[in-house]
Amino acid sequence: MKVFRLSVIVFILFMIFFNFTLIYRLLGIKKETKEIINLERTIMEERVQSLNDNFVISIQNSNISLPDKIFHQLSFYGKTKDSTLLVVRFSEYDCSECVEFILIKIRKFIEKNDTKVVFLTTFQENRTIQIILKKYDLGWLPNYNVEILDNIPIEKMHYPYCFTIDNSKKISNLFLPSRSVPMLTDKYLSLIENRFCN
């Protein structure tokens, strides 16, 4: 009988220990789940904010013409009546990580298609921009070092941006790449490819 009682006590203690371990693990899973949900919520909010920002920026910067001098520089790059250029604009005043991000994306983009890509940059030293472009194996693409484009509101933000231009001289399809939501940049470049490469 004593052996039986001892066995029951051991069993009960084991079950108590097992239940506490299980409860502790369940609380840990609950905490991890909350963290994952919060992370997913943050990512979703960043995506929505990035979409919102791009929508507003695109509207604010639409229908603006490039200055004639700059447009004529671009027109020397094989522009024909029906061609469209993808212009990547950045300067030495822009967020350096953001510039790096878009240059990596552009490198991958030009490997896949024949869209004409041109860089419009603002650097005090031409040598600096050449070093940057060569670092990303983009030194062979046309680069026009120009002054700040005061007539384009997005210039004041000091972030790189992209747009297309054709014979109308008007900026269209303006986009502000987002490092926090890289899939938006991928989607933008995919849309440009589908629209102007096919």
Just so I know, are the side chains of Thr122 and Glu147 near enough to count as touching, which here means a heavy-atom distance under 4.5 Å? no
When rounded to the nearest 0.5 angstrom, what distance separates CD1 in Ile165 from CG in Asn173? 11.0 Å
Please evaluate residues Phe101 and Thr185 with respect to the criterion side chain to side chain contact (heavy atoms under 4.5 Å, CB included), reporting the C-alpha separation (whole Å), side-chain torsions for both, the decisive distance (0.1 Å), and the verdict. CA-CA 10 Å; Phe101 171 78; Thr185 303; 3.4 Å; yes
Walk me through whether Met183 and Val181 qualify under side chain to side chain contact (heavy atoms under 4.5 Å, CB included). CA-CA 6 Å; Met183 65 182 279; Val181 192; 3.9 Å; yes
With the side chain counted from C-beta on, respond yes when Lys135 and Ile131 share a heavy-atom pair under 4.5 Å apart, and no when they do not. no
In terms of hydrophobic clustering (I, L, V, M, F, W, Y; side-chain heavy atoms under 4.5 Å; direct or indirect links), are Leu191 and Phe109 co-clustered? no
Of all heavy-atom pairs linking Lys170 and Ser65, the shortest is NZ-OG, 3.4 Å
Measure the shortest side-chain to side-chain distance between Asn151 and Pro67 over non-hydrogen atoms and say whether it is less than 4.5 angstrom. yes
Atom CD1 in Ile132, atom OG in Ser96: separation rounded to 0.5 Å? 9.0 Å
For Glu92 and Gln124, indicate whether the former's side chain and the latter's backbone hold a donor-acceptor pair under 3.5 Å. yes
For the pair Asn145 (side chain) and Phe123 (backbone), establish whether a donor and an acceptor sit closer than 3.5 Å, ignoring hydrogens and angles. yes
Heavy-atom closest contact (Gly139 atom, Gln130 atom, distance): O-OE1, 4.1 Å
Roughly how far apart are Ile106 CD1 and Phe90 CZ, rounded to 0.5 Å? 10.0 Å
Check the orientation of Tyr188 and Phe175. Use parallel for under 30°, tilted for 30 to 60°, and perpendicular for over 60°. parallel
Report, as yes or no, whether the 6.0 Å neighbourhood of atom OH on Tyr159 holds more than 12 heavy atoms from other residues, nucleotides or ligands. no
So, Thr84 versus Thr164: side-chain donor-acceptor pair below 3.5 Å or not? no
Between Leu120 and Val88, is a side chain to side chain contact (heavy atoms under 4.5 Å, CB included) present by the stated rule, with each step listed? CA-CA 6 Å; Leu120 270 185; Val88 180; over 6 Å; no
Return yes when atom CD of Glu125 has more than 12 non-hydrogen atoms of other residues, nucleotides or ligands closer than 6.0 Å, and no otherwise. no
Which atoms form the tightest heavy-atom contact between Pro160 and Pro177, and what is the distance? O-CD, 3.3 Å
What I'd like to find out is whether the side chain of Ile148 reaches to under 4.5 Å of the side chain of Tyr93, using heavy atoms alone. yes
Would you say Tyr144 and Ile70 make side-chain contact, with heavy atoms under 4.5 Å? no
Tell me, do Leu86 and Lys116 make a side-chain contact under 4.5 Å, heavy atoms counted? no
Determine whether Asp150 and Glu155 make a side-chain contact, defined as any pair of heavy atoms from C-beta on separated by less than 4.5 Å. no
Would you confirm whether Asp94, through its side chain, and Ser91, through its main-chain N or O, come within 3.5 Å as a donor-acceptor pair? yes
Have Arg89 and Thr121 got a donor and an acceptor in their side chains that come within less than 3.5 Å? no
Output for pair (Leu174 CG, Ile154 CD1), nearest 0.5 Å, gives 4.5 Å
Leu141 side chain near Val118 side chain, heavy-atom distance below 4.5 Å: no
Straight-line distance of Leu66 CG to Ile152 CD1, nearest 0.5 Å: 5.5 Å
Measure the spacing between NE2 of His158 and SG of Cys95 and express it to the nearest 0.5 Å. 12.0 Å
Might you work through the side chain to side chain contact (heavy atoms under 4.5 Å, CB included) test for Phe163 and Ile192, ending with a clear yes or no? CA-CA 10 Å; Phe163 61 90; Ile192 294 299; over 6 Å; no
